[in-house]
Amino acid sequence: MLKEIGIGVAVAAFTFFFLQGINLLPLLFLCVLSYFLYSLSGMKVMNKGFQGQVPSKSKRITFADVGGQENAKMEIREALEFIKDSSRAQKLGIRPLKGILLAGPPGTGKTLLAKAAAAYTGASFVATAGSEFVEMYAGVGAQRVRELFKGARELARRENKKNAAVFIDEIDVLGGKRGQHSGHLEYDQTLNQLLVEMDGISTDDEVRILLLAATNRVDLLDPALLRPGRFDRIIRVELPDKEARLQILKLHTANKPLAKDIDLEDIARQTFGFSGAHLESLANEAAIFALRGGEKTLLQKHFVEAIDKVMMGEKLDRRPSDEDLKRVAIHEAGHALLSERVRPNSVSAVTIVPRGEALGYIRQMPEADSYLLTKQHLEEQIQVLIAGAIAEEMLLNSRSTGASNDFNQAARLAQRMVFAGMSHLGIVDQDSLPQNLLHRAVTRILRAQEKFVTEELKGKIHILRLVSRELFREEKLSGESLRQFIHSEDKPASQVSWG
Ligand code: ATP
């Protein structure tokens, strides 16, 4: 505001003197020059001040705030004992750890773990991200690395602490393999500076620094960073299993009024593949649904609706034409029937209410977290994926573009089967397998599954029609009502081969 008033006054004064015949151009030139010099010095100050972010004291995170990740927590704690009780470590001649790298998918709690690690050692904590070091100007990144470490030491001195933890999120942005970036000299200088700072950490330092870093892509990091003596520990931070999901849900619902009948275990079961960040968002969305519904407590239905929202996105306002809706209902009924066929009781909901990118979808309930997939399991997944398009073809005599995403996923699964030695090619070398052979093997798998699904649905065309009609009418069917409907409407068929 002051700036605008100043500019206004200056322009008015300049015009007044100009009309009086006084030439103010040299003065104007001087003003512009001083402003330019002032800005440059300001930039310097900004650069000098680059010291990462210090989290506010009220939000101190501890290991109790991190749900699951027991292995990661145990490994970090063990590593930190050397810092906490450095005299014991010194007696045994153990050199202190310089760096801990947390590697894993997004949203799994790497930043939380780094904060908890700092709190555990009682160290000062500064956090920054790899992207903060990426600048067009040569030398700025390297200077920022120097200032980050210097700033962390100063902070620890101010806080009367002997240890400081420096956390760099997305370290792959700054620590990628050298010589691979287009403006690689600047990148390389920045990484070199980080290596120099890490090598400079020693037991005798007045303030000992521990570097914590996180990445989703360890494979991109320069090997020099990963060699022992720099990042001494690489700790995997994985997606949570069911037990961990339950713990995370409990943490994020602790401050929310839950109805008595809430079954968080059921929600944890239904959220296979969710990260901690997904679960935090799920709890938040459930509370928003409760607010929208004018409820005082969060009900199970709010969580169920929130799962759909987190998985698929917000409901869309636009309603497709009846003709499209009918096609979507047939498509989804095809998926749902096949899913119940290959794994009874696997559908938890099927809907044709458009959400995010999808016009309709089925939600499947995983029985247990499984990390190894058998050939049969992969084939069944492919069958469920392609059943939508085949159902459309059977009842409407044509397919639609709605199935392209299903086909993409099915092809990816088929490719996985080929690389796992499950195709007619037997064991193959993924790197040297010619594209045409891969294509042929993938096509062969897809064709076989297509034949199987066509046969299956042919025998159930009556039930397919009934379920899609019901879905078109109701817009959403729960797994329970879908199964009841299948069994009550088609008793003879269910007795012969369903389930
Ligand atoms: P990215 O790789 O994208 O930087 P990240 O692994 O560092 O992600 P965090 O930033 O630690 O993930 O997590 C994001 C949010 O998700 C946290 O603030 C927290 O609310 C929630 N969260 C993630 N993991 C957990 C967990 N294990 N326990 C509790 N909350 C979690």
Side-chain angles (χ1 to χ4, degrees), residues 52-77 80 99-120 125-134 165-176 210-221 225 231 233-256 258 264-265 267-268 271-288 298 303 306-307 309-311 369:
Q53 283 178 3
V54 182
S56 72
K57 290 243 160 50
S58 58
K59 284 193 193 142
R60 209 122 208 187
I61 303 283
T62 69
F63 283 120
D65 298 309
V66 187
Q69 304 300 357
E70 296 308 329
N71 249 343
K73 281 194 247 181
M74 195 210 33
E75 278 204 62
I76 296 176
R77 267 205 213 104
L80 297 178
I100 298 179
L101 181 65
L102 303 167
T108 42
K110 298 182 291 296
T111 311
L112 281 186
L113 282 166
K115 287 183 181 165
Y120 186 70
F125 183 73
V126 284
T128 184
S131 51
E132 297 279 345
F133 299 90
V134 180
V166 172
F167 175 57
I168 305 181
D169 204 357
E170 294 158 13
I171 194 168
D172 40 292
V173 179
L174 120 94
L210 172 70
L211 181 62
L212 294 150
T215 179
N216 307 324
R217 298 290 309 269
V218 184
D219 54 311
L220 294 183
L221 293 183
L225 258 182
F231 280 112
R233 297 271 160 120
I234 301 181
I235 296 177
R236 299 287 321 168
V237 185
E238 301 291 358
L239 284 173
D241 60 11
K242 195 192 113 208
E243 213 33 60
R245 291 198 295 277
L246 181 59
Q247 274 189 38
I248 298 173
L249 279 170
K250 283 184 180 160
L251 281 171
H252 289 291
T253 49
N255 62 347
K256 299 179 174 62
L258 301 184
L264 286 182
E265 204 160 330
I267 306 290
T271 44
F272 177 77
F274 274 40
S275 67
H278 282 122
L279 294 167
E280 188 273 337
S281 167
L282 169 69
N284 198 45
E285 292 297 340
I288 293 173
L298 278 69
F303 281 91
I307 296 179
K309 166 116 191 250
V310 173
M311 268 168 99
D369 292 352

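Just follow the structure's listing: the first ligand is 1, and inside any ligand the first atom is 1. Just so you know, these numbers use all the heavy atoms, side chains as well, and skip hydrogens, waters and symmetry mates. All residue numbers in this chain count up from 1 along the given sequence.
- Applying the 6.0 Å contact sphere to NZ of K250 captures no more than 12 heavy atoms from other residues, nucleotides or ligands.
- To the nearest 0.5 Å, atoms CZ (R245) and OG1 (T271) are separated by 4.5 Å.
- To the nearest 0.5 Å, the span separating CG on L212 from NZ on K115 amounts to 12.5 Å.
- Checking side-chain atoms of Q69 against main-chain N and O of T108 turns up a donor-acceptor pair under 3.5 Å.
- Without hydrogens or angle criteria, K110 side chain to G104 main chain gives a donor-acceptor distance under 3.5 Å.
- Around ligand 1 you find D65, V66, G67, P106, G107, T108, G109, K110, T111, L112, D169, N216, I248, H252, G276, A277, E280, each with a heavy-atom distance below 4.0 Å.
- H278 and S281 form no side-chain donor-acceptor contact under 3.5 Å, judged by distance and modelled atom types alone.
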